[in-house]
Amino acid sequence: MTVGPGRARQEEIYRAGVSGRRPRVPTAPAERERRGRRAMSRAADAYVSGGAGAEATMRADRAAFARYEIVPRVLRGSAERDLSVELFGRRLAAPLLLSPIGALDLVRRDADLAVARGATAAGVPMIVSNQAGSPLEAIAAAGGASPRWFQLYWSTSDDLVDSLLHRAEGSACDAVVVTLDTTLLGWRPRDLDLGHLPFSRGLGIAQYTSDPVFLRLAAQRAASPRSGPEPRITPRAVRTLVEITRRHPGGFLDNLTSPLPRAAVETFLDVYSRPHLSWDDLATLRDRTRLPIVLKGVLHPDDARRAVDAGVDGVLVSTHGGRQVDGAVAALDALPDVVAAVDQRVPVLLDSGVRSGSDAAIALALGATAVCLGRPWVWGLALAGAEGVAQVVRDVLAELDLTVGLAGARTPAGVEVRERG
């Protein structure tokens, strides 16, 4: 009989416990969050853990999972489970991907490289953030042969969009995930109260400063006369300038006397997303890339139907972790209607609010093809780097496997769930 990932992970932990070794990252979701947040700076915690407005959407995403209950069935011979799923021609061992999260160098230096190594060790795909702290090519090298997808924020520059898509193809990405819900930055009080936007400090823009089209745009801006008010010279402003200079490609001393690092930050803030993005823009994407196209941020069934009719290859139901629209519908609540609208024509993925293997089981039982995990592995990253990322993923998959078996199913889709009475 094959030992599933749940029992294998349990045995690994208990065997290590005989020698007095415990998991580096807590296995309980609440304690993992508490310790992970404590390990981060105040600014990093605000950016990672915060949400839009009064954070009602964040709470709704979690509350939605609590409204469902698993109904275990017995004597079904579910000793062996199959968690595998096929996405865009590749068979994955489990229906789990790592959500794209930007500016992770707030949490740990070279964070995206650590995430790539952790994802590879755990055997799941990473969706590489468009707002990463390392270039896509370096992240792909760190991940080796492990599958990866690429997140695309649709820039105001079509040439830049094309360049990023070309690089995603060259880095052997399996799909491009077009994020639709961040054409404008949401109102995020935790960041606002700190006056802290990581990108304005040169964090999370490495995909741009490694791109030839973007560097051309930044050079044009650097050569133009400056306009607008200058920042007031304070110790904080000087530290920010040093951070921008250090993070820009090239030597520190050369960057210190160059206008390009600051121009790159300003150019990014101007071009990173397109507020007027429309279905007409989307119609051009199929001719721009050979990669499968997944639309992220779909919450309405009519949008899901239109996306499929437009020829996309998948949809990702997401509230952006509750970080964009306060008071929005919870992702899990939106999932069943989107699944019905898509009618098995393309895969439907879900993120936002997933904290555990049992959460994943509920989403998969409600029709999701796969789920994307976000904040939990960031807390693992904060505590133990690549090893922490890998541990969190393996723990979530272990609980998913055990939940499926204990519910009397052989696949996640076979788990019976119902709304609580």
Worked verdict on Trp379 versus Val25 for side chain to side chain contact (heavy atoms under 4.5 Å, CB included) = CA-CA 8 Å; Trp379 295 320; Val25 180; over 6 Å; no
key: CD on Gln207 to CD on Gln131, rounded to 0.5 Å   = 8.0 Å
query = To the nearest 0.5 Å, what is the distance between CG (Leu203) and CG (Leu106)?
reply = 5.0 Å
query = What do you reckon, is CZ of Arg91 surrounded by more than 12 foreign heavy atoms closer than 6.0 Å?
reply = yes
query = Is a salt bridge present between Arg9 and Asp401, judged by a nitrogen-to-oxygen distance below 4.0 Å?
reply = no
message = As a quick check of understanding, evaluate side chain to side chain contact (heavy atoms under 4.5 Å, CB included) for Val417 and Val415, giving each step before the final call.
response = CA-CA 6 Å; Val417 300; Val415 174; 4.1 Å; yes
task = Check whether any side-chain N or O of Asp174 sits under 3.5 Å from a backbone N or O of Trp149 as a donor-acceptor pair, and report yes or no.
result = no
query = Taking everything shown except Arg109 itself, do over 12 heavy atoms lie less than 6.0 Å from its CZ?
reply = no
query = Is there a donor in the side chain of Thr411 and an acceptor in the side chain of Asp82, or the other way round, less than 3.5 Å apart?
reply = no
key: Short side-chain donor-acceptor distance under 3.5 Å, Asp395 and Gln391   = yes
query = Distance from Thr182 atom OG1 to Lys296 atom NZ, nearest 0.5 Å?
reply = 6.5 Å
Arg201 versus His196, side-chain donor and acceptor atoms under 3.5 Å = yes
request  = Sort out for me which residue in Val177, Thr289, Leu164 forms a side chain to side chain contact (heavy atoms under 4.5 Å, CB included) with Leu152.
outcome  = Leu164
key: Separation of Phe150 CZ from Asn130 CG (nearest 0.5 Å)   = 4.0 Å
task = Begin from the C-alpha positions of Arg262 and Glu266 and carry the test salt bridge (Lys or Arg N to Asp or Glu O under 4.0 Å) through to its verdict.
result = CA-CA 6 Å; Arg262 181 173 169 182; Glu266 293 169 341; 3.3 Å; yes
query = In this structure, are over 12 heavy atoms from other groups packed under 6.0 Å from Arg38 atom CZ?
reply = no
Over 12 foreign heavy atoms within 6.0 Å of CZ, Arg37 = yes
ask   = Are the side chain of Ser19 and the backbone of Arg21 linked by a donor-acceptor contact shorter than 3.5 Å?
value = no
Salt bridge flag under 4.0 Å for residues Arg274 and Asp158 = yes
message = If you count heavy atoms of other groups shown closer than 6.0 angstrom to CZ of Arg22, is the number above 12?
response = no
Polar contact flag, side-chain donor to acceptor under 3.5 angstrom, Ser358-Ser356 = yes
inquiry  = By the definition side chain to side chain contact (heavy atoms under 4.5 Å, CB included), identify the one residue from Val342, Asp337, Leu335 that meets it with Val339.
reply    = Leu335
query = Could you state the interatomic distance from CZ (Arg246) to CD (Glu243), rounded to the nearest 0.5 Å?
reply = 8.0 Å
ask   = When rounded to the nearest 0.5 angstrom, what distance separates CG in Asp359 from OH in Tyr68?
value = 13.0 Å
key: Flag if over 12 foreign heavy atoms under 6.0 Å of CZ, Arg418   = no
key: Over 12 non-hydrogen atoms of neighbours within 6.0 angstrom of CZ in Arg42   = no
